[in-house]
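First the structure, in the form of structure tokens, and then the observations on it.
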Amino acid sequence: MIVVTGGAGFIGSAFVWKLNSEGIDDIIIVDELGESEKWRNLVKRRYADYLHKDDFLRLIREGKLPFNVRALIHMGACSATTERNADYLLENNYRYTCQLADWAIKQDVRFIYASSAATYGDGSRGFSDADAVTKDLQPINMYGYSKQLFDLRLLRQRAEHKVAGIKFFNVFGPQEYHKEDMRSVVNKSFHQIREQGKVRLFKSHRPDCGDGEQQRDFVYIKDCVEVLWWLLKNREANGIFNLGTGRARTWKDLVGAVFTALEREPEIEYIDMPPTIRDQYQYFTEAPLEKLKQAGCPLSFHTLEAAVHDYVLGYLQKADPYL
């Protein structure tokens, strides 16, 4: 079996879509559905079984998994950058990952896990995924810190050559619909344009950056799952890798692409950034991809405009927006 934790979530369910497209359905979905709409991400997927995340961890601890595992794709986490409960994040994001990684390494199971670009903090130390740099990073929110802690543990144990970690940058695309306020700006913009004819973006609160000129490395979910698929097939490719496009673009560019896809003239209203997030806001992110290239991964990404066009016209406008 291939186990995908967070398998009903955004990236996890998209990767299950990729596996299905490759003819693979010997898949165990591990997640916590609760009362969310995540279950909708599974309706069109083919998989062998579903396990609650607590049950899966218990079975691993007790050595009672009723199936063999050839790969563990660990995408499950609380990804809310605004989450304030540090104890919850440490348990759910850090300690859970520690236990899965220890088990996978001991059992010689391929382990691929989600780190995050949130580990880079305000970006003042750059965005290199070199191990020497990772040790000095200082995240500016608790989510990023919960991811950083596991990266550091890997390096401290010299286990980075046994697993593959992915520092996802700003991922957007189908399957993110359940994420509510953590949905991408592409998704939010689409609905704002349809309902109000305009998009609201945060003002810049730095004199060296104009409104809407804040930059991110936006990467399409379909490109992300291709990289995950390559890592699954190439077990010798290990380490902690950035995953973006390698090119930062502005929020204006992103929103402009949504207006273009909808054949409308851009209309943007700039609003004050909430004081609670101003000190935690990243004004620039961009993923150097040399390490992933050197590992042999063939990188090919949609342009921002092509990705937004595919997402808006191929999914958001459809009655059934799911992969």
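Hydrogens, waters and symmetry mates are skipped; everything else that's a heavy atom, side chains included, is used. This chain uses plain numbering: 1 for the first residue, then up along the sequence. Note that this is a predicted model, so its numbers are computed, not measured.
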For residues 268-276, dump all side-chain donor-acceptor pairs below 3.5 Å to protein atoms at least two apart in sequence or in another chain.
from, atom 1, to, atom 2, distance (Å)
E269, OE1, K198, NZ, 2.9
D272, OD1, K203, NZ, 3.4

For this session: May I ask you to list the residues sharing a hydrophobic cluster with L152, side-chain cutoff 4.5 Å, ordered by chain and number?
Result: none
Exercise. What residues, two or more places apart in sequence or in another chain, satisfy side-chain contact (heavy atoms from CB on, under 4.5 Å) together with L313?
Worked result: H309, Q317
Taking only distance into account, with no hydrogens and no angle test, what donor-acceptor pairs under 3.5 Å do side-chain atoms of residues 14-22 form with protein atoms, sequence neighbours excluded?
from, atom 1, to, atom 2, distance (Å)
K18, NZ, E22, OE2, 2.8
K18, NZ, E226, OE1, 3.3
K18, NZ, E226, OE2, 3.0
N20, OD1, R45, NE, 3.3
N20, OD1, R46, N, 2.8
N20, ND2, I24, O, 2.9
N20, ND2, R46, O, 2.9
S21, OG, K18, O, 2.6

For this session: If a pair satisfies salt bridge (Lys or Arg N to Asp or Glu O under 4.0 Å) and one of its residues is in residues 308-323, list it, with sequence neighbours excluded.
Result: K44-D320, K222-D310
Seminar exercise, completed: The complete set of side chain to side chain donor-acceptor pair (under 3.5 Å) pairs with one or both residues in residues 47-60, sequence neighbours excluded, reads K53-N92
Seminar exercise, completed: Residue pairs passing the side chain to side chain donor-acceptor pair (under 3.5 Å) test with at least one member in residues 100-115, sequence neighbours excluded, are D102-R153, D108-R235, R110-N238, Y113-D151, S115-D151
Exercise. Taking the six-membered ring where the residue is Trp, are the ring centres of Y283 and Y281 under 6.0 Å apart?
Worked result: yes
Tell me which donor-acceptor pairs under 3.5 Å the side chains of residues 252-261 have, and how far apart each pair is, sequence neighbours excluded?
from, atom 1, to, atom 2, distance (Å)
K252, NZ, E213, OE2, 3.2
D253, OD1, T250, OG1, 3.4
D253, OD2, R249, NE, 3.1
D253, OD2, T250, N, 3.2
D253, OD2, T250, OG1, 3.2
T260, OG1, G256, O, 2.9

Check: residues 120-131 side-chain donor-acceptor pairs under 3.5 Å, at least two apart:
from, atom 1, to, atom 2, distance (Å)
Y120, OH, F127, O, 3.2
Y120, OH, S128, O, 3.3
Y120, OH, N242, OD1, 2.7
D122, OD1, S124, N, 2.9
D122, OD1, S124, OG, 2.7
R125, NE, D136, O, 3.2
R125, NH2, Q138, OE1, 3.4
S128, OG, A130, N, 3.1
D129, OD2, N242, N, 2.8
D131, OD1, K291, NZ, 3.1

Seminar exercise, completed: residues 294-303 vs side chain to side chain donor-acceptor pair (under 3.5 Å), sequence neighbours excluded, gives D223-H302
Exercise. With sequence neighbours left out, which residue pairs that include part of residues 61-78 fulfil the side chain to side chain donor-acceptor pair (under 3.5 Å) condition?
Worked result: T5-H74, R61-Q99, H74-T97
Problem set entry | Shared-cluster residues of Y143, by chain and number - hydrophobic side chains joined below 4.5 Å | none
